[in-house]
Amino acid sequence: MSWLTALLLLVVVAAGLLRWQRPAWYWLTFGVTFAALRVLVRYTSVMDACGLTVPPSRWRLHLARATHRPAPESRPPQILRLRPTRTGLVLRIKLRPGQDAFDVAAATDRLRHSFAMYGVTSRELRSGIVELRMTGYDVLKRVQMPVKVDRAPMRVPVALREDGAVHYRDYRQMPHALTLGATMSGKSVYQRNLVAELAAQDVALVGIDCKQGVELFPLARRFSALADNPDTAAEVLDALVARMEGVYQLIRAEQRITSDVPDAEIAAGIWDLPAHLRPTPIVVLVDEVAELALFASKEEEKRRDRIITSLVRLAQLGRAAGIHLEICGQRFGSELGKGITMLRAQLTDRTAHRVNDETSANMAFGDISPDAVLAAIQIPTDAPGLAVTGDSTGGWARIRAPHTTLRQAVNACNRHADRTPDVPELAAFRPVLPHLAPAPTPAVETAPATA
């Protein structure tokens, strides 16, 4: 039996090393089996301890009395499916009559301890059906995006959520976004990853980087327009407003509203137009919005009002014209002047990296969720890229983007440079760059010709 003991000891040591050094590998080899058994064995007692059971119905009590049997026990929610994933388990349950999805959400922390999982989140799929997503390890410590992701037009993966799911940036669902974060919080890496993913899409990218272009100009081959100072930014935004008005004229000309046209065929945005008439959608990336809102003279104040007015118009009206805003900054409050709060109200998707004070977190989530504000100010300084994302519905989650180096983003933009569309209104602002040098061809020695 010595060889069997040695083999068992070797397996235990290997499992311990994997759990310490490679938690993802440990989960796929050992953890998923242990966790599934733990959930199934402890399910009834855990649900009872967490107050997620209901007393037996009256007819069951009457039946027990009539047959002289012991009184039936309280019943937990019914398990519909238990599915393992690459990061955890997905448990789908059906609530009993009288139970509420909020009760399950309030008990997620107790479920995490009881099932010995790293994290548990819940969401209601439909009336009476709740899905519990459990993670077996800290998936945000070392972000590894899955090989297969669900890409679609104007929908790109940008980060990993704390429950192991992929976080997507869907411009057709949430057309405009606000990203906040202090210096060295990972905000630039998040934006860089977003550009690298959008580079493979049929979309025009417009960049406004008033830090002399140090963040966006290395990616210039995939941009249809770039501005590195407030004066040029004002002209670019004016051109975008003019394009928006032209697109609306195109949509109106193609509506053809008559009595025999179904509602579904009446165009109210670029996605309702035929493919051959549909204008190219545009994503406008503003690297530091405070540089556009600050002023030191009367002339700069006039320019600032012009810029903010254009941004507000694009945020309010740009969705149907296929123009989307990605506003980034360290702070985004009323101290930046008039029009800022009006602009912020139009930015549905909110993302906050580590911030230096609670006020900055309130700028992102104060009108959405107090819990998201608390989560944002608790992001540690030694976890760059960790962020909290939310939207106007009040839902929020922790996310972390994969570390994309500037070299990787530049390579992605260069690889898809042929996708850069020519937008007539923005032709004057397209960066002029030298042609890429062809890759060097390795020399091949040929054998001398023989007679």
R155 NZ/CZ over Y168 ring centroid, <6.0 Å and within 45° of normal: yes

Backbone of R96 reached by a side-chain donor or acceptor of Q99 within 3.5 Å: yes

Check: S360 side chain, N356 main-chain N or O, donor-acceptor pair, under 3.5 Å: no

Check: C413 and V195 side chains under 4.5 Å, non-hydrogen atoms: yes

Counterpart residues, ring-ring contact (aromatic ring centres under 6.0 Å, His included), relative to H176 (two or more places apart): none

Atom of P421, atom of V203 and distance for their closest heavy-atom approach: CD-O, 3.8 Å

R313 with D238: basic N within carboxylate O range, under 4.0 Å: no

Smallest separation among heavy atoms of I308 and K338, with atom names: CG2-O, 3.9 Å

Within residues 74-120 or reaching into it, pairs that qualify as ring pair (Phe, Tyr, Trp, His ring centres under 6.0 Å) - sequence neighbours excluded: none

Results of side chain to side chain donor-acceptor pair (under 3.5 Å) for R151 - residues two or more places apart only: E197

By ring-ring contact (aromatic ring centres under 6.0 Å, His included) - contacts of F365 (at least two apart): none

Steps toward side chain to side chain contact (heavy atoms under 4.5 Å, CB included) verdict (L111, V46): CA-CA 7 Å; L111 294 175; V46 167; 3.7 Å; yes

With a cut-off of 3.5 Å and sequence neighbours excluded, list every side-chain donor-acceptor pair involving residues 382-390.
| unit_1 | atom_1 | unit_2 | atom_2 | d |
| --- | --- | --- | --- | --- |
| T389 | OG1 | R350 | O | 3.2 |

Sub-4.5 Å side-chain heavy-atom contact between L406 and R192: yes

ring-ring contact (aromatic ring centres under 6.0 Å, His included) against Y190, all qualifying residues, sequence neighbours excluded: H353

